[in-house]
Protein chains: 2
Amino acid sequence: MSRPRGRPAQGAGVNRESILAAALELLEEGDGKGLSMRALAARLGVTPMSLYHHVQDHASLLRALSDRIYGEVMDGQEEGVAPLEVIRGLLCRYHDAVGRHPQLTLAIFSEPAAFAGVSRQITDHLTAQLAAITSEPVLWRDILVDHAHGSGLALASARGRPGEAPMLSERYRQALDRLLARLAP
Amino acid sequence: MSRPRGRPAQGAGVNRESILAAALELLEEGDGKGLSMRALAARLGVTPMSLYHHVQDHASLLRALSDRIYGEVMDGQEEGVAPLEVIRGLLCRYHDAVGRHPQLTLAIFSEPAAFAGVSRQITDHLTAQLAAITSEPVLWRDILVDHAHGSGLALASARGRPGEAPMLSERYRQALDRLLARLAP
DNA sequence: ACCTGAACACCGTTCAAGT
DNA sequence: ACCTGAACACCGTTCAAGT
């Protein structure tokens, strides 16, 4: 019944990659409380303490997930696009990321340090682009980012009322269009 | 050493009111993880299970706190004010409530049901007032509420970097002014 | 290097028992 | 009506021990 104490003969094969993937699943498939070190270990068929050889702790696990998901927002950026379109693209991709991972977003707000890294890159880029079309780039960057966050949270709260999420995404695009139109008339 | 089993001779005097007050303290004085049924009971000098005679469970405790804090936003409403000023007042009071209780706001987003009650009142009132000054009241209600939420969360995240919160409140007022100015030109 | 069980200090909540 | 201790099923994390 009881397995041997040490490392099993054939490496069970838990690595950072498999841990992150399983963690994201566990986080999003429930009400956001499903991701625990113990549940994660169980899903991977391993002891909880085994995880601590690959991630420092629970908070750093969240940080790693944040880097992965929100990092994609900065990638896939097109060349030679007008500032207004850069801004639009960036915010839409950001909002989509929130929509695909609402529980991660929620979890990250409770662990602000997890967010600082990637968030800084996005907001800096946004400010630079806004400077081309408005005389108050910082003010409008805050407005647009805060609005994206708030709308993302509405998305997160709409979980459990399925089918509503796509509608909210469409609404975000509408709202963003109104804001951008008012920004630089 | 061990106290008697049943109800103590002199009623220790835990009631719904004292529970809610202590819960709010516990929630806001730390990193948002300080409010647990067990810690709450300890602070009140009582057994955890005693609390369950006054509140149904942890989630309903959060719901009660939400009703109390966000309920104030609808109160204290002035008579005979122009729609634009009603909107401004409502959103500022709402944002202030978030600023005074950031951890509650954060906790509530993870417990969406806790928010539904009061939130509905505020958004309905807001929509009605917006109808007087714009042809797209629902769209702008969403923009303004989402923005207030996002800005409130920035406030919540700024906890731990003290002194920054008042600055962010001032920034919210600035942002709101720009939005309202653009709304009905 | 990597996995293990045991342990410690926590959770929310149910239940039967006391006054 | 209200408070109790014991119990159950959970947490994150440390530590010493195994291979």
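Numbers restart at 1 for each chain; the letters A, B, ... are given by sequence-line order, proteins then strands. From a predicted model like this one, the values you see are computed outputs, not experimental measurements.
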Item to check | Atom of B/Leu40, atom of B/Ala22 and distance for their closest heavy-atom approach | outcome: CD1-CB, 3.7 Å
Checklist entry - Hey, is the side chain of B/Thr47 poking within less than 4.0 Å of OP1 or OP2 on D/dC3, counting only N and O atoms? => result no
Item to check | Euclidean distance, atom CG of residue B/Leu40 to atom P of C/dC10 [Å, nearest integer] | outcome: 16 Å
Checklist entry - Quick one: A/Arg43 CZ to D/dC10 P, roughly how many Å, whole number? => result 15 Å
Checklist outcome for this item: Ranking B/His58 and B/His53 by the position along DNA chain C of their nearest nucleotide, the one closer to 5' is B/His58
Checklist entry - Would you call A/Arg173 and A/Asp96 a salt bridge, taking side-chain N to carboxylate O under 4.0 Å as the test? => result yes
Next on the checklist: Is it the case that the ring center of B/His149 lies less than 6.0 angstrom away from the ring center of B/Tyr94?
Outcome noted: yes
Checklist entry - To the nearest angstrom, how far is B/Met37 atom CE from D/dT4 atom P? => result 14 Å
Checklist entry - Expressed in angstrom and rounded to an integer, what is the separation of A/Leu51 atom CG from C/dT4 atom C1'? => result 13 Å
Item to check | Length of the line joining B/Ile19:CD1 and C/dG12:P, which is rounded to integer Å | outcome: 13 Å
Checklist entry - To the nearest Å, how far apart are A/Arg38 CZ and C/dA9 P? => result 15 Å
Next on the checklist: Closest-nucleotide mapping onto DNA chain C: is A/His54 or B/Tyr52 further toward the 5' terminus? I mean the 5' end.
Outcome noted: A/His54
Next on the checklist: Side chain of B/Met49 only, heavy atoms from C-beta on: which candidate in C/dC3, C/dT14, D/dC11 is closest?
Outcome noted: C/dT14
Checklist outcome for this item: Side-chain contact check for A/Val46: nearest option of D/dC3, D/dT13, C/dC3 is C/dC3
Checklist entry - With a 4.0 Å cut-off, would you call B/Arg43 and B/Glu25 a salt bridge? => result yes
Checklist outcome for this item: A/Asp57 CG to C/dA9 P, in whole Å, measures 20 Å
Next on the checklist: Whole angstroms only, please: what is the CD-P distance between A/Gln56 and D/dT13?
Outcome noted: 10 Å
Checklist outcome for this item: As its Watson-Crick or G-U partner within any shown strand, both distances under 3.5 Å, D/dC3 has none
Checklist entry - So what's C/dC10 paired with, Watson-Crick or G-U wobble, going by both distances under 3.5 Å? => result none
Next on the checklist: Could you tell me the Watson-Crick or G-U partner of D/dA17, where both distances fall under 3.5 Å? Say none if there is no partner.
Outcome noted: none
Next on the checklist: Any base atoms under 4.0 Å from A/Ser36, or only sugar-phosphate, or nothing? Heavy atoms, all strands.
Outcome noted: sugar-phosphate
Next on the checklist: Is the distance from the ring center of A/Tyr70 to that of A/His101 below 6.0 Å?
Outcome noted: no
